[in-house]
Each structure stands twice: as structure tokens, then as C-alpha cells.
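Presented below is the structure to which this report refers.
Protein chains get the first letters and strands the later ones, always in sequence-line order, with residue 1 at the start of each.
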Amino acid sequence: MRLNWFSPLPPARSGIADYTARILPALQRQAEIILWTDQDDWDPTLEYMADVQRYHVDRLPWATLNRADLSVYHLGNNPRFHTAIWQVSRLQPGVVVLHDLCLHHFFAGVYRDQWNERAGYLAQLGRYYREVGQGDAGAYWSGRLPIDYMAEHYPLTSLAAEHALGLLVHTQEGQDLLQREVRSPVVYAPLPYPASPPPDRQQSTTSGAATGEQPCRLVVFGYLDTNRRLDVLLQAIAGLPERDQFRLGIYGELWNDNTILPQVQALGLQHVVSVHGFVPEAELDAALARAHLAVNLRFPTMGEASLSQLRIWDHALPALVTRVGWYASLPEDTVAFVRPDHELMDIQAHLRALLADPQRFRQMGQRGRRLLEQHHAPESYAEAVVALAAAAQRFRLQVTAHMLAMRVGTELQAWTALPAPPMVSQRREQRPALDQQRGDLSQHAAALQGIRQAVAVHIERLRLQRATALQGIRRAVEEHIERLAPPGIVGQHGSARD
Amino acid sequence: MRVVIATVQVPFVHGGAEILAEGLRQALWAEGHTAEIVAIPFKWYPPERIMDHMLACRLLDLTESTGVPVDRVIGLKFPAYFVSHPNKVLWLLHQHRTAYDLWDHPLGDLQHYSNGPQVRDAIRQADQRFLPEAKAIFTISANVSQRLKKYCDIDSIPLYHPPQHAEQFYCADSEEYVLFPSRITPLKRQNLVLEALARTRQPVRVHFMGVADTPLYAEELRTLARKLNVHDRVEWLGHATEEEKRRHYAQSLGIVFPPADEDYGYVTLEAMLASKPVITCTDSGGPLEFVRAGETGWLAEPTPEALAGAMDRVWEDHERAKRWGEAGYALYHSLGISWHAVVQRLLSCA
């Protein structure tokens, strides 16, 4: 099989670019991959592994693209890297890999920041979320609603999945959601990461965590947006009496230097926190190898599986993660959970625990490493991609027939002058609202069930109380009768009053 | 029998397919049957239009006409051969080649569309599903049968037929030109002959006889001829009547016909009937089933240099050209090609 692979490529600062580079060898063992990019430059070493083609959305070389059996499109939340990919996916359907389930940041970035197309943005929100969504879209556009609100309430997953011949997601939750939404094949495959040879990556037995030496090194890395909870982490460290026993290294791109750096100053953490920015991969690996704990919080989550977490496990490093989304599905003994509504408390508790029992955290990291080896192998992922592509090819025939049927239906509607019955696509558009209602009803049903159970418990309690009380009254009456009875008369219970 | 010949018609285009359909109709009448050509208009672009035509053909009812049953349907071309009939046979001119052998070919058009793969797959699926409905599948040449086998794994029987007015072709004293009789379209590769002409040692002259599918392509060829400085050795005869056509054949030194993987190639048989040698190319398909290299013509590699060499040889040895042309005539008559045989085969299978 020959696949066109539309993805950001290194050195683009994108986790998806890293992901493509890491799994390319495994993919090439399953299929012939042609990398397609709209970037001006890419890591030349990629060309040792695959043919790299540059494209422009306005001048797509269809004859070249059509030499492949199918195209695979990677969508994430950064419009800088995924706008062109999304545009091509709409022109020629293929397999779509959703790296995030909630893609509102992406679409807002496309329509508002790149295209300044208010009408298009409102129309899309109206299509999927009716008047309420469209109204909120207008409010967001004019600055009256924040992007996080829009992302939470209007994920626009369906817009990304529209027209796809097949969908691949990295969370079970994603598969469950999309299988209710779409007719195309949907596959869940754990996010892949090639585990490095164990001797290079195991936590050193002489590490500070194992021997209790100070300071305890914490690390945060990646694309550090507000959902990485860096501000809360700094507050948590600053609030600990043991703060000087920690050192926090921040690697990667900060969403806003003007917020974090002043916060470090204000909290007096200048000697605790070091901000490194983007560093070469080898330097980051070295920092991870020296670290005792990674902090990999996400709140809110965009429904992603975390490549960072896999890299952390590759180093057998323990990590703090937020108990939400994909992270919440991780085995309890492989990460340290932070509740989203108790962040400060939980972070501080874990940091203290790390000081008190570093061995427990070291073992946590090792279990994470084993999980990585067992469940995130690129080979399995590549097999899943090729199998999905084959299924998508077969599904394409259905799509073709469906489109022809739509055209025939449209034509016949004109003949009969009758209103057309709701077309499948209209029904599909109604599904999000129906699902929302179904979800609301499920919640009500669950609440009613809870009330029913509570009432049943209360009734049982009252019944027991009544039975006990009646028993007591009966005994008292019997005793009173016995006291009143003449001597020699045997009482009801067979006892003679002497 | 009442026979319907189901084919397609591209408006304003008249070529071998139309000649074949008409020849078959006349042959059926000559054998005592009643025959009618049902030609469905066909437009292949944008690609989704192909789907419309496929469905339209599938929805047609040719089982009877004016209350009288149609005894047999003979399907000739895509997508007309999708017509449903309980007594259908196919005599395939070709499948929709841009979905098959021309998919990844410079001259294929479907690959240049975003929905090209989608339509290609639908065509292939429909062929796989509906071609075997026929009682029997014949093709016009072994080349077409080989393609059908290669891409669809469907067996078929080549059934050759005579060109139009076969009995009226004749041979005359040759004049100083080589004839290229064909529709003017990229697949026939008139451009290759012009390139070859620029490389001949001899002052070879070529007469192009035929109408261009598009005026634009005709102009491109004229421009090319001027650019190669061979325009003074070229004549563009345009449309010719049947009589004019036979005369041009008769008076030529030989015929050059180097199409790209031609389905059948009336031109080759017409040349043989006119006792003229044929120059064709090793990848020309149908003509190769009839041209015997070194006996009835030349087989050249599809390059300007090789073609130029073959044209030089026909130019410089008229006697050999005459002998090889006569050998071609004898070969034709040894093959037993006749409309009678075609009608018998198409109507005899139940």
C-alpha cells in the first residue's frame, strides 16, 4: 500500500511533527509513505526514510497525489501546522488522525485569526450546535466569551471528522464518541512511541531520588500553554516549607513569558526555577534522565493522548498528571494523579511524598516504562494505520454511491415539488444536539435513580425503626399486664408471677 | 432476431466506434435480422458525470420496444454495456481506459481530479459486478481481451471484424507520401510522427488525414510542425470522404500508424486491404496483432529516431514497400475476417 502522509514535519515545533518522525521507520515497514508538507523547510534526514513532497493548497498536484492508494491527514489544534492539511482533506477525503478530540482552538484560529471569516465561523457553529452555538460564536468573535468556554462547549470534532473515509484516534473515549457520530470506520490505536534501549533510559540508581540526595529535580517540558498549569505548580512549590529542596527546570515554549517569569520573581523562586526555552533534543533527554519527577498536567484537556507522557515513561520517570481525559485512563500505579479541583493540595502532597519516599516514585516510573513497551509500540500502530486505510478504501465506494444517491434525490425533489425528506447528512447534523439531549436525560435518569435508592434506604430504616418501636411497646404492655395479673396466674409468656 | 446495439456517442465525435456500430448494424440486417443502434450520449468530465451515466445506463429498459421483445442486446462501450437485459452479450471495444491502463499515464485525465480515485474505484467495481452478467464476452482484439483479463480477471474472446467498405479498398501506383489516417488526438501520437519527420534522412512527406478532436490540439500540432521545420513536408488533409480516403490509401507509399496501445486499429487492416506496408510501434497494441515485422511492415520503438528510420526505409525502397504491402493483403485474406463470422458468434451464444 502507498499512502500520502500529511503532517507537520521537524523542525516544526509540533508534537505531531515529532510523532511522525518517530514512527516513520515502522510505517515504512508496512507501506510506502510519501510525506507531504506545506512548510518551507524540513529535517533533511527525513528524506533518507521517505519521499518528501511540498505542496500548496491552491496548486495541488492531483496526478501525483493520486498515485497513492489513500491520503492520511493529521489534525491537531495548532492552525499554523494544520490549516492546509485540513483544506486538502476536504478536497480529497482520506483517513483523518485526530490528535485532539476538541479542535475548537484550531477552527477558531483558522476562521478568526487566519481567514477573518466571521460568517464561515458562525455558519459552522450553527451547523453543529444550532442557534445556541451560533450565538456563542458571535459572542466569542466579539470578545465576550473566552476560547476555553468555546472549546469546552463546542469541540467541533464532527467538523474535523466530516467527509473522512476513516478516523484514527488515540483514546478509547475518542473511539466511543466518534462511533456514535460517523459511519466511516473508527479505530483506536494507542499513541505510539519507540521505546529506547533500556540501559540508556533507566533512572540511574545513584539518582538523587533513590539516595535521597538534594535537590529534587522536577521537569516540565513541551508547548506550555495555560492548560499545562504551570502557574499552579509554581504556587504549589512556593507554598511548601521544603521549597528549597526542589529545582524546577522548564523546557519548551511558554505561552506567555510575561506571565510566568514575573510570577517566578514574585514568588521568590528565582533560585528554584530555571527557564530554558526550546533546547536540542539531546539536552532535553539529558534533563529528563537527571530528573526525579516530571510534571505533565493538563487542564482542560483537548482529548489528546500525551506524547510527552510517553517520552517521560521512556525515561522511566514518574510524573504528575491531571486526572482527566486520557490521563485519567492511565493505570493508577504508573502516574501520580492530581485532581483538577484540588490542584494545589495534590501537587504539594505529591512533592512531599517524593521527598519522603523517593523509591515509590522511582518504581512508578519503571511501571510506566513497562507500560510504554507493552502498549505503545510503533509497529502495532503502523499495522493499525494500514488496516484502517484498507477499510477506508472499501468505505470510499459507499461514499461514492451515497453521493450519487444524494444527487439523484436532489433531482427527484425538483420533479415532485415535494419537500425532501431529511437527508442522512441533515440527520447527522442533528445528532450532536440529540446526543446532548440524550446526555442530559441520562444525567436526569441517574439522578432519579439515586433519589430512588436513597428513598428506599430511608424507607427500610423507618421500617426497622417502626418494628423496633412496636416490639418495645408490646414488651412494655406485656410487662404491665403481668404486674397487674393476680398471683398464680401464668402470664402470656409462661412465667408465673410469684 | 431483434437486436439492439448498445453504445455511447460523444456528440460531434465520429470515429472507429461509430463505424463499428454501423457496420454491425448493417451486417445484422444483411443476415436477415432486425437491428437498431441505441447510442447514449456520453460526457466523461467532470468525473462525477461518469457516475451519472453509469446509473442512467443501468436504469434503461431495453427488454422490449413498442410491445415487442428485444431478443438480444450487444453492448459495445462503457457505460452502455451496463444496460440490463436477460440476453446480453458484449463485444467490447474497450473499457473506460483512464480508470485502468491510462490511470497513471501522461494521457490519462481521471488522475488529475481530486475525486479521480473515487470514480476510478466505482468504475472498476461496476465492471467487476456487471460485466459477468453477459451471456458471453467478446472483444474486438486480443489487446482488449488482455486488458480485461489483467485488470478485471475476466476472460473474453477476441472477435475481429472488417473495416468499413473493406471490399472497396484498392491499390494504385504510389505517390511520394506516407499516409497517417486517423482521428487527430494525443493517443494516436501524430506528434511522434512530426518529431520523427525532423530526423529522417530522406525527404519523407506525411499526409495526415483526419479531423482533430479539439481545434486546440490541431493548432498545437501545426505549431510543432513549424517549430521542427517540417511543415513543408506535411499536409493536413482534414476530413475525407470514403472515396477520398480509399484513394489516399491507394496512392500512398505506405501507412504510418503509431498509436499508444490502440484497441484494434482499423487503419492497419485498411492498409492491408490497400496492399500497403504499415509502420507501427512496439507499444501500439492492436496493430501488432496484424503487422508482421519484416514481412508486411516495420515495428519501431516508440521514439522519434526509430520511427524516422522506419519511414526512411519505406521511402528509399519502393519495391520492398510494394512487396510487403502485397504480403499484407494476402495475410488479411488468410485470417477469415468477415461480418458473417462476427454475427454468427454474437448471436449464437445463448
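Looking at B:Lys150 and B:Asp101, no side-chain N of the basic residue comes within less than 4.0 Å of a carboxylate O on the acidic one, giving no salt bridge. Between B:Glu133 and B:Arg58, at least one side-chain N (NZ, or NE/NH1/NH2) sits under 4.0 Å from a carboxylate O, which counts as a salt bridge. With respect to the salt-bridge test (charged N to carboxylate O, under 4.0 angstrom), the residues B:Arg124 and B:Asp127 do not qualify.
Heavy-atom distances place both the backbone and the side chain of B:Asp121 under 4.5 Å from chain A. When heavy atoms are compared at a cutoff of 4.5 Å, A:Val88 does not approach chain B at all. Both the backbone and the side chain of B:Gln118 come within contact range of chain A, with heavy atoms under 4.5 Å apart.
Counting only distance, with no hydrogens or angles, the side chain of B:Ser156 and the backbone of B:Ile137 share no donor-acceptor pair below 3.5 Å.
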